Engineer: 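I have a structure I would like to understand better, so I am pasting it below and will then ask my questions one at a time.
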There are 2 protein chains.
Amino acid sequence: MPRTDKRARLVAAADTVARGPGFTHSSLADIAARADVPVGNIYYWFKTKRELGEALVEARATHYRALRRQWDRTLPPRRRVDAFIEMVAANRDTLAAEGCPIGSICTELRRHDPALAAQAGTMLSDFLRWLEAQFRAMGHGRASPGLASHTLSSLQGASLLSHALDDPAHVAREARHLKRWLAGLRPVN
Amino acid sequence: MPRTDKRARLVAAADTVARGPGFTHSSLADIAARADVPVGNIYYWFKTKRELGEALVEARATHYRALRRQWDRTLPPRRRVDAFIEMVAANRDTLAAEGCPIGSICTELRRHDPALAAQAGTMLSDFLRWLEAQFRAMGHGRASPGLASHTLSSLQGASLLSHALDDPAHVAREARHLKRWLAGLRPVN
DNA sequence: GTCTATAGGCAGATAGAC
DNA sequence: GTCTATCTGCCTATAGAC
């Protein structure tokens with residue numbers, strides 16, 4: 001176990017630049033400066049820039065796992081999906097300014113480092129599986145994968161539109177649309 | 001007017017690399033090699049790499065304008081929206097492999113060159129305005145902007161999921177979902 | 001564990017012959 | 001108009017003192 005918090009500061013700085021210019025587009029000098037760590041010292045904690053990227057993706061994945069676990073502990077299935085949609089809606093200004101921290105990094109890494117992109121992709125597939133479980137618990141049976149995919153697609157697409165056009169309205173509108181759609185859904189059983 | 005097709009070959013090569021590793025991540029050497037043009041000669045046709053990027057965005061925008069115009073000439077409003085959705089569905093394998101040529105470049109440029117990203121953003125807002133016009137023609141009145149935003153969000157989100165997870169099924173599923181939704185829509189008048 | 005200095009490579013861009 | 005050669009600067013990564 002490290003006695004300093006430098007590793008954590010580096011990961012946090014990598015997370016910050018990934019929300020701004022992007023991880024791939026940022027230099028280790030940028031990240032080191034933001035973490036207040038000399039550039040060369042990064043290599044004591046991470047063998048390569050790629051390893052720092054892995055730590056960043058892992059940190060984000062852990063964050064979202066914790067979020068879902070909290071919803072699972074405190075809310076019934078239907079309200080869990082609502083909570084997810086409401087979180088996205090509440091973040092609309094940040095989403096417009098920086099894009100979705102999940103979708104953006106997946107898109108960014110996909111072309112540059114497929115293996116790391118696959119790791120980042122688990123953030124999406126974890127959310128898909130979790131949404132599917134909620135829809136199953138709500139009684140939607142085999143329709144659940146489609147409902148989960150639609151929910152996540154809409155929110156990812158709205159984030160992309162809001163980010164690209166610098167207009168939070170798309171996220172707000174799509175969240176409203178999705179909640180109305182959810183309210184009107186009839187379970188099969 | 002240039003007497004050679006080198007400019008066009010350079011733009012085409014830029015378009016190709018933008019679908020692969022991304023425009024920003026590709027070097028002028030890559031693009032020049034692909035266009036079979038010596039690197040230094042790029043600067044006779046374009047003052048900077050950025051100017052080549054502008055030409056690439058303009059070429060794509062022109063392509064999609066021509067597509068919409070053809071649909072406008074040959075189909076009634078309802079079928080135009082169908083044609084758009086069907087085009088996306090038909091391209092699902094390419095979308096999974098390369099991502100959406102519109103959404104990806106907007107996301108890529110947003111952080112790196114906001115001014116150029118705004119230019120790329122017109123590809124999205126042009127599609128939004130066009131979809132809105134079709135919904136208005138179908139009698140949806142003031143609901144039209146929301147319907148247009150939902151249609152484009154869903155497809156962009158599905159493309160993102162398919163690309164990130166390397167699985168065309170998300171685009172296929174979302175296109176089906178969207179066509180069923182469209183068929184069930186009741187115009188206000 | 002921490003830091004400085006620097007190697008080695010590649011990027012975008014330019015100069016100037018033809 | 002075309003092409004080669006090259007400049008300058010930044011990037012990742014390493015060597016090695018402390």
Side-chain angles (χ1 to χ4, degrees), chain A residues 1-57 105 108-109 111-117 119-120, chain B residues 1-58 105 108-117 119-120:
Chain A
M1 280 301 238
R3 265 171 271 153
T4 75
D5 62 342
K6 288 200 172 167
R7 200 195 126 98
R9 290 214 315 269
L10 283 166
V11 175
D15 184 90
T16 305
V17 301
R19 288 167 199 270
F23 177 71
T24 322
H25 278 96
S26 302
S27 68
L28 291 175
D30 292 341
I31 296 171
R34 200 174 289 266
D36 200 25
V37 167
V39 205
N41 200 358
I42 291 182
Y43 290 90
Y44 177 75
W45 301 98
F46 304 97
K47 266 209 294 286
T48 58
K49 185 185 181 187
R50 189 181 187 285
E51 267 196 14
L52 175 55
E54 283 173 24
L56 152 63
V57 170
I105 206 166
E108 179 189 345
L109 294 174
R111 292 101 183 280
H112 183 257
D113 186 334
L116 190 48
Q119 194 193 330
Chain B
M1 280 304 238
R3 264 171 271 154
T4 75
D5 62 344
K6 288 200 172 168
R7 201 195 125 98
R9 291 215 311 270
L10 284 167
V11 174
D15 184 90
T16 304
V17 301
R19 289 168 199 269
F23 178 71
T24 323
H25 279 95
S26 302
S27 67
L28 290 175
D30 291 342
I31 296 170
R34 201 175 288 267
D36 200 26
V37 167
V39 206
N41 200 0
I42 291 182
Y43 290 89
Y44 177 77
W45 301 98
F46 304 96
K47 265 208 295 288
T48 59
K49 186 185 181 186
R50 188 181 188 287
E51 266 195 16
L52 176 55
E54 283 171 25
L56 153 62
V57 169
E58 184 47 37
I105 206 166
E108 180 188 345
L109 294 175
R110 181 64 154 78
R111 292 101 183 281
H112 183 257
D113 187 333
L116 190 47
Q119 194 193 331

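If you're wondering where the values come from, they're calculated on a predicted model, not measured in any experiment. Throughout, protein chains are lettered first and strands after them, A, B, ... in sequence-line order, and every chain is numbered starting at 1.
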Engineer: Rounding to an integer number of Å, can you tell me how far A/D5 CG sits from C/dG1 P?
Structural biologist: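 Whole-Å distance recorded here is 13 Å.
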Engineer: What donor-acceptor contacts under 3.5 angstrom involve side-chain atoms of residues 34-44 of chain A, with partners at least two apart or in another chain?
Structural biologist:
none

Engineer: Taking salt bridge (charged side-chain N to carboxylate O under 4.0 Å, His left out) as the definition, give me every residue that meets it alongside A/R9, ordered by chain and number, with sequence neighbours left out.
Structural biologist: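 Residues passing salt bridge (charged side-chain N to carboxylate O under 4.0 Å, His left out) with A/R9: A/D5.
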Engineer: Test of understanding: with ring-ring contact (aromatic ring centres under 6.0 Å, His included), list the residues that count as partners of A/H25, not counting sequence neighbours.
Structural biologist: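 Here the qualifying residues are B/H25, B/H112.
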Engineer: Residues of residues 48-57 of chain A with any non-hydrogen atom less than 4.0 angstrom from an atom of DNA chain D: list those, numerically ordered, please.
Structural biologist: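 By residue number: A/T48, A/K49.
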Engineer: Does any residue of residues 25-32 of chain B have a heavy atom under 4.0 Å from DNA chain C, and if so, which ones, in number order?
Structural biologist: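 By residue number: B/S26, B/S27, B/L28.
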Engineer: Please tell me if B/Y43 has a side-chain N or O lying less than 4.0 Å from either OP1 or OP2 of C/dA13.
Structural biologist: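 Answer yes for this pair, as a side-chain N or O of B/Y43 is under 4.0 Å from OP1 or OP2.
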Engineer: Please list, by residue number, the residues of residues 33-42 of chain A whose heavy atoms come closer than 4.0 Å to an atom of DNA chain C; answer none if no residue qualifies.
Structural biologist: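 A/P38, A/G40, A/N41 - these, ordered by number, are the residues of the stretch whose heavy atoms sit under 4.0 Å from the strand.
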Engineer: From CZ of A/R7 over to C1' of C/dG1, roughly how many Å is that when rounded to an integer?
Structural biologist: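 Rounded to whole Å, this separation is 15 Å.
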Engineer: With axes from five pairs an end, tell me the bend angle of the helix from C/dG1-D/dC18 to C/dC18-D/dG1, nearest 10°.
Structural biologist: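 About 10° separates the two local helix axes.
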Engineer: Please identify each residue that fulfils side chain to side chain contact (heavy atoms under 4.5 Å, CB included) with A/S26, with sequence neighbours left out.
Structural biologist: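 Once residues adjacent in sequence are excluded, the partners of A/S26 under the side chain to side chain contact (heavy atoms under 4.5 Å, CB included) criterion are A/V17, A/P21, A/D30.
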Engineer: Check the distance between D/dT14's P and A/K47's NZ and give it to me in whole angstrom.
Structural biologist: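 To the nearest whole Å, that distance equals 10 Å.
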Engineer: Rounding to an integer number of Å, can you tell me how far B/Y44 OH sits from C/dC18 C1'?
Structural biologist: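 Whole-Å distance recorded here is 15 Å.
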Engineer: The criterion is side-chain hydrogen bond (donor to acceptor under 3.5 Å, both in side chains); which residues satisfy it with A/D113, sequence neighbours excluded?
Structural biologist: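 A/D113 satisfies side-chain hydrogen bond (donor to acceptor under 3.5 Å, both in side chains) with A/R50 only.
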Engineer: Grab the two heavy atoms, one from B/A55 and one from B/F46, that are nearest each other, plus how far apart they are.
Structural biologist: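 Taking B/A55 first and B/F46 second, the nearest heavy atoms are CB-CE2, 3.8 Å.
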Engineer: Kindly compute the distance separating CZ (A/F23) from CG (A/L52), expressed to the nearest 0.5 Å.
Structural biologist: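 If we round to the nearest 0.5 Å, A/F23:CZ and A/L52:CG are 4.5 Å apart.
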Engineer: Which pairs with one or both residues in residues 10-28 of chain B pass salt bridge (Lys or Arg N to Asp or Glu O under 4.0 Å), sequence neighbours excluded?
Structural biologist: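 Of all non-adjacent pairs touching residues 10-28 of chain B, those that pass salt bridge (Lys or Arg N to Asp or Glu O under 4.0 Å) are B/D15-B/R19, B/D15-B/R60.
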Engineer: What is the minimum heavy-atom distance between A/T24 and A/K49, and which atoms define it?
Structural biologist: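 Shortest heavy-atom separation between A/T24 and A/K49 comes out as O-NZ, 3.3 Å.
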Engineer: A/L116 pairs by side-chain contact (heavy atoms from CB on, under 4.5 Å) with which of A/E108, A/E54, A/E51?
Structural biologist: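 Exactly one candidate clears the test, A/E54.
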Engineer: Can you confirm whether A/W45 sits close enough to A/V11 that some side-chain heavy atom of one is under 4.5 Å from a side-chain heavy atom of the other?
Structural biologist: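 Contact flag for A/W45/A/V11 side chains = no.
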Engineer: Hey, what do you get for CD1 (B/I105) to CG (B/L56), rounding to the nearest 0.5 Å?
Structural biologist: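 It comes to 4.5 Å.
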Engineer: Among all residues two or more places apart in sequence or in another chain, which pass the salt bridge (charged side-chain N to carboxylate O under 4.0 Å, His left out) test with A/R111?
Structural biologist: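 A/R111: no salt bridge (charged side-chain N to carboxylate O under 4.0 Å, His left out) contacts found.
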Engineer: Check the phosphate of C/dT2 against A/W45, side-chain N and O only, distance under 4.0 Å to OP1 or OP2. Yes or no?
Structural biologist: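 Result: yes.
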Engineer: D/dG1 P sits how many Å from B/L10 CG, rounded?
Structural biologist: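 Between P of D/dG1 and CG of B/L10: 14 Å.
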